Undergrad: 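One structure coming up, written as structure tokens, with questions to follow.
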Protein chains: 2
Amino acid sequence: MGDKEHITINQIADEAQVSIATVSRVMNGNTSVSAERRKRVEEVIQKYNFSPNALARGLISKQTMTIGVVLPDISNPYFSSMFLEIERFSLEAGYTLLLCNTLFGGSSHGIRNTRDEAYYFQMLVEKQVDGVLIIGGQVDLVTVDVNYKQALKRLSDQLPVVVIGKEIEDTNCVFIHPETGQGVTLAINYLYMLGHRQIAFVGGQPNVTITDIRVNAYKSALKELGLSVDERLISLSDYYSKDGYSAINTLVSRNVPFTAFLAINDNVAIGSERALQDLSIKVPEEVAFISCDQFENGEFHIPRLTSINQHHDLLGRLVINTLINIIGGNSSPPKFSLAPELVIRESCGTHLGIKR
Amino acid sequence: MGDKEHITINQIADEAQVSIATVSRVMNGNTSVSAERRKRVEEVIQKYNFSPNALARGLISKQTMTIGVVLPDISNPYFSSMFLEIERFSLEAGYTLLLCNTLFGGSSHGIRNTRDEAYYFQMLVEKQVDGVLIIGGQVDLVTVDVNYKQALKRLSDQLPVVVIGKEIEDTNCVFIHPETGQGVTLAINYLYMLGHRQIAFVGGQPNVTITDIRVNAYKSALKELGLSVDERLISLSDYYSKDGYSAINTLVSRNVPFTAFLAINDNVAIGSERALQDLSIKVPEEVAFISCDQFENGEFHIPRLTSINQHHDLLGRLVINTLINIIGGNSSPPKFSLAPELVIRESCGTHLGIKR
DNA sequence: TTGAAAGCGCTACCAG
DNA sequence: CTGGTAGCGCTTTCAA
């Protein structure tokens, strides 16, 4: 049972022989308290290890020092590394985070939630969080569901919301949309430079903005280089290892030759490589690849993954700062540019000495 | 600014021409409301999309339907997969989770927090969470810090606390301590069966319970098989890929031959393999290995990782259920056994056909 | 079935 | 500098 004792400000006031107003002042660092009383109060607080009830506090102050973070799947390194960065900054600013995994589209574990994002939104409003951060999920769909959009509007009508993703009109969210196509161009150019002319694209859920943008960037880059686009070289699936595995199998079954491919992220790259190995296709000798989104372990992979660092950590920092600023009343327009960086390692078969 | 409008129960009552008591009844599914009034109230609630203030609610009801989860690093697959499972069950029971990454011992990213666990504990108490789940961190140290212990005691004096880890006396926590040595025995026996006689142990932070237990199990298993224990074949470090990498380098530099090793988890295994590759030692031909703790991507690795499934998901389910039961007043003693399972894949060089 | 009213624990205003 | 007190928004008796 949760029936453990709870000290209140009244008991502290009693024992310290002062009014609750004075105790409150001491707790909030108000200067208008005599040294003697302050000391007395502090001692009693110490003695009972008293911590003020944040509910009561929040009821008056209208802030809970809590921020809601809504994302699809924390077990995905993309989200977890960002979350860590977000938490670090929240902590410094005194905020705590309510994490909501919507498991949109299913996680790597195949787990699915029974509740949708609207449910979480409602809950966050009820709990009076000071703001909400939305990182992926339904916002990322190329065409956003009407109900979702409505839920998002309602949420953003009630509290500050920052979302990582492309703008959804008729809502009051602040949208931060990093350029994610640029890196693809970098990658394609690099592969071209190495002599590759048949380059495939592997992984990523169809109809999700990031997939869309990258596929488009892929096509544009190809055209820019005077290469033709063959739709059969595009094999989408999802964002996990198993999806890289299946995507490669699909791709190979189409019998269109390719000498290199772009994987939507490191997980997909790993699954892809596994699939190629099972098909006795040598990597990187026969097929080179680059991942569009760098995760943690890539540099320990065999071969070490050449991939694009999209600076998720910086992005995380950016969004939490933006949100906290908005909560604080400073609506500083989020100015930023996170130029992606091609990290050349071994999965394209060369070192080039460019290593950095 | 967070100055968005907030509807309250009063306005709903006004508009519906009933008392706030009636509105409250409607919201809480109390039957003592006439159909007519109920309908009127529901319509107004709908109209304004009213959600009750959980702070005010919690102030009276003494519960916030929020649970605090304290763990070292959510970017570690061990924790994230467990968290997902925990969240799923919390959700069903109506709880939301406050996630606290203590970054104890530093994360894979090298990030460290400025606050310690005691700070989080304090914050969770203030926010009146209904219970706390502690998964790793300082609890896992072989000798627990005095201050930490005191903080833990204070926390558990004030609310229900379930910790995954070995018992720490003088606290009111419920401890759930899965057997983690058993799997090691399985692994060693398997390696022995394959003919290995010089088996090393790689990774894991020294002075952390789980490392300790596994190293001890490793030693016992070796002795059981009539093999001698050579301390030079034990190379500890930490739990990430980079740590597997460094641990192998240390190990090899000692010049004690080994034909197989146990890695503390899949991350370490991956880093280890990379190190061996860099040393031109062939895996699994020259050195076979098994990971003690299976993560997500192991089956896509080259070679596919043979590792031990410790059933973290089940453990997560177990602990959250235990906590929720305690919160609900049922102090059902956590009965369980999670027999680890050796998942044989390729990193020991054979398939054996045992595949399952 | 209904509403009035008493708080939950705290902050902030107002007098003194 | 200090204490009294009016709420914050809600639930829950207690009468009606």
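What you are looking at is a predicted structure, and each value in this text was computed from that prediction instead of being measured. Proteins get letters first, then strands, A, B, ... in listed order; numbering begins at 1 in each.
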Undergrad: From CG of A:Leu59 over to C1' of C:dT11, roughly how many Å is that when rounded to an integer?
TA: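 My rounded result for the distance is 10 Å.
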Undergrad: Heavy atoms from C-beta onward define the side chain here; which of C:dG9, D:dC10, D:dG3 lies closest to that of B:Ile9?
TA: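 That would be D:dC10.
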Undergrad: Within the 4.5 Å heavy-atom criterion, are A:Thr96 and A:Met65 side-chain neighbours or not?
TA: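 The answer is no; the side chains never approach within 4.5 Å.
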Undergrad: Taking the side chain as C-beta and beyond, is there a heavy-atom pair between B:Tyr148 and B:Leu141 under 4.5 Å?
TA: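 The answer is no; the side chains never approach within 4.5 Å.
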Undergrad: Look up atom CZ in A:Phe50 and atom CD in A:Glu42, then write down how far apart they are to the nearest 0.5 Å.
TA: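 If we round to the nearest 0.5 Å, A:Phe50:CZ and A:Glu42:CD are 13.5 Å apart.
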Undergrad: Do B:Leu91 and B:Leu97 have side chains that get closer than 4.5 Å, going by heavy atoms?
TA: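 Not in contact.
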Undergrad: Atom CD of B:Gln63 and atom C1' of D:dC10: how far apart are they, to the nearest Å?
TA: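 In whole Å, D:dC10 C1' and B:Gln63 CD are 14 Å from each other.
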Undergrad: So B:Ser32, base contact, sugar-phosphate only, or nothing? Heavy-atom distance under 4.0 Å.
TA: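 Since a base atom lies under 4.0 Å of B:Ser32, the category is base.
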Undergrad: Heavy atoms, side chains only, cut-off 4.5 Å: are B:Ile176 and B:Val163 in contact?
TA: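 In short, these two side chains do not touch, never coming nearer than 4.5 Å.
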Undergrad: Establish, with yes or no, whether the OP1 or OP2 oxygen of D:dC10 is under 4.0 angstrom from a side-chain nitrogen or oxygen of B:Ser24.
TA: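 False: B:Ser24 side-chain N/O out of range (4.0 Å or more) of D:dC10 OP1/OP2.
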Undergrad: Rounded to the nearest angstrom, tell me the gap between atom CD1 in A:Ile20 and atom C1' in D:dG3.
TA: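 Rounding to the nearest Å, CD1 of A:Ile20 and C1' of D:dG3 are 9 Å apart.
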Undergrad: What integer distance in Å separates A:His6:NE2 from C:dC8:C1'?
TA: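 A:His6 atom NE2 is separated from C:dC8 atom C1' by 13 Å.
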Undergrad: Check this one for me: any side-chain N or O of B:Asn28 less than 4.0 Å away from OP1 or OP2 of D:dT11?
TA: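 For B:Asn28, the contact criterion (side-chain N or O under 4.0 Å from OP1 or OP2 of D:dT11) is met.
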Undergrad: Quick check for you: among D:dC8, D:dT11, D:dG3, whose closest atom lies nearest to any side-chain atom of B:Met27?
TA: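 Nearest nucleotide to the side chain: D:dT11.
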Undergrad: With sequence neighbours excluded, what pairs up with B:Arg317 under the salt bridge (charged side-chain N to carboxylate O under 4.0 Å, His left out) test?
TA: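 Counting only residues at least two positions away or on another chain, B:Arg317 forms a salt bridge (charged side-chain N to carboxylate O under 4.0 Å, His left out) with B:Glu85.
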Undergrad: Could you please name the option among D:dG3, C:dT2, C:dG3 that lies closest to any side-chain atom of A:Val18?
TA: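 Nucleotide nearest to A:Val18's side chain: D:dG3.
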Undergrad: From the options C:dG9, D:dG9, C:dG3, select the nucleotide whose nearest atom is closest to the side chain of B:Thr8.
TA: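 Nearest listed nucleotide: D:dG9.
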Undergrad: Picking from D:dG9, C:dG3, C:dC10, which would you name as closest to the side chain of A:Ile60?
TA: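 Of the candidates, C:dC10 comes closest.
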Undergrad: Between the side chains of B:Thr66 and A:Lys127, is a donor N or O closer than 3.5 angstrom to an acceptor N or O?
TA: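 Checked: B:Thr66/A:Lys127 side chains pair up, N/O donor to acceptor below 3.5 Å.
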Undergrad: Say whether A:Asn101 and A:Asp73, considering side chains only, have a donor N or O and an acceptor N or O under 3.5 Å apart.
TA: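 The criterion, which ignores hydrogens and geometry beyond distance, is not satisfied for A:Asp73 and A:Asn101.
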Undergrad: Side-chain donor or acceptor of B:Arg25 under 3.5 Å from a matching atom on the base of C:dG3?
TA: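 In this structure, the two groups form a donor-acceptor pair.
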Undergrad: Using atom NZ of B:Lys127 as one end and atom P of C:dC10 as the other, report the distance to the nearest whole Å.
TA: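 To the nearest whole Å, that distance equals 16 Å.
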Undergrad: Looking only at side-chain N and O atoms, does A:Lys62 come under 4.0 Å of OP1 or OP2 in D:dG9?
TA: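 Yes, within the criterion.
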Undergrad: Below 4.0 angstrom from OP1 or OP2 of D:dG4, is there any side-chain N or O of A:Ser19?
TA: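 It does not, given that no N or O in the side chain of A:Ser19 lies less than 4.0 Å from OP1 or OP2 of D:dG4.
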Undergrad: Does A:Ser61 reach a base, just sugar-phosphate, or nothing at all? Heavy atoms under 4.0 Å.
TA: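 Here A:Ser61 touches no strand at all.
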Undergrad: Compute the bend angle of the helix from C:dT1-D:dA16 to C:dG16-D:dC1 from the end axes (five pairs per end), rounded to 10°.
TA: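 The end axes of the helix from C:dT1-D:dA16 to C:dG16-D:dC1 are about 40° apart, to the nearest 10°.
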Undergrad: What is the distance, to the nearest angstrom, from the CD atom on A:Glu36 to the P atom on D:dC1?
TA: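 Going from CD in A:Glu36 over to P in D:dC1 covers 13 Å.
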Undergrad: Indicate whether the side chain of A:Arg57 and that of A:Asn28 have a donor and an acceptor atom separated by less than 3.5 Å.
TA: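 Note: A:Arg57 and A:Asn28 side chains meet the donor-acceptor criterion.
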Undergrad: What is the separation between atom CD on A:Gln11 and atom P on C:dG9, rounded to the nearest whole Å?
TA: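 The answer, rounded to whole Å, is 8 Å.
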Undergrad: Checking A:Tyr48 against A:Glu15: is there a side-chain donor and acceptor pair closer than 3.5 Å?
TA: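 Indeed, the side chains of A:Glu15 and A:Tyr48 share at least one donor-acceptor pair under 3.5 Å.
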Undergrad: Is there a residue in residues 39-58 of chain A whose heavy atoms reach under 4.0 Å of DNA chain D, and which residues are they?
TA: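 None, since no heavy atom is under 4.0 Å.
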Undergrad: Report the distance from atom CG of A:Asn10 to atom P of D:dG4, rounded to the nearest whole Å.
TA: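 Atom-to-atom, A:Asn10 to D:dG4, this comes out as 12 Å.
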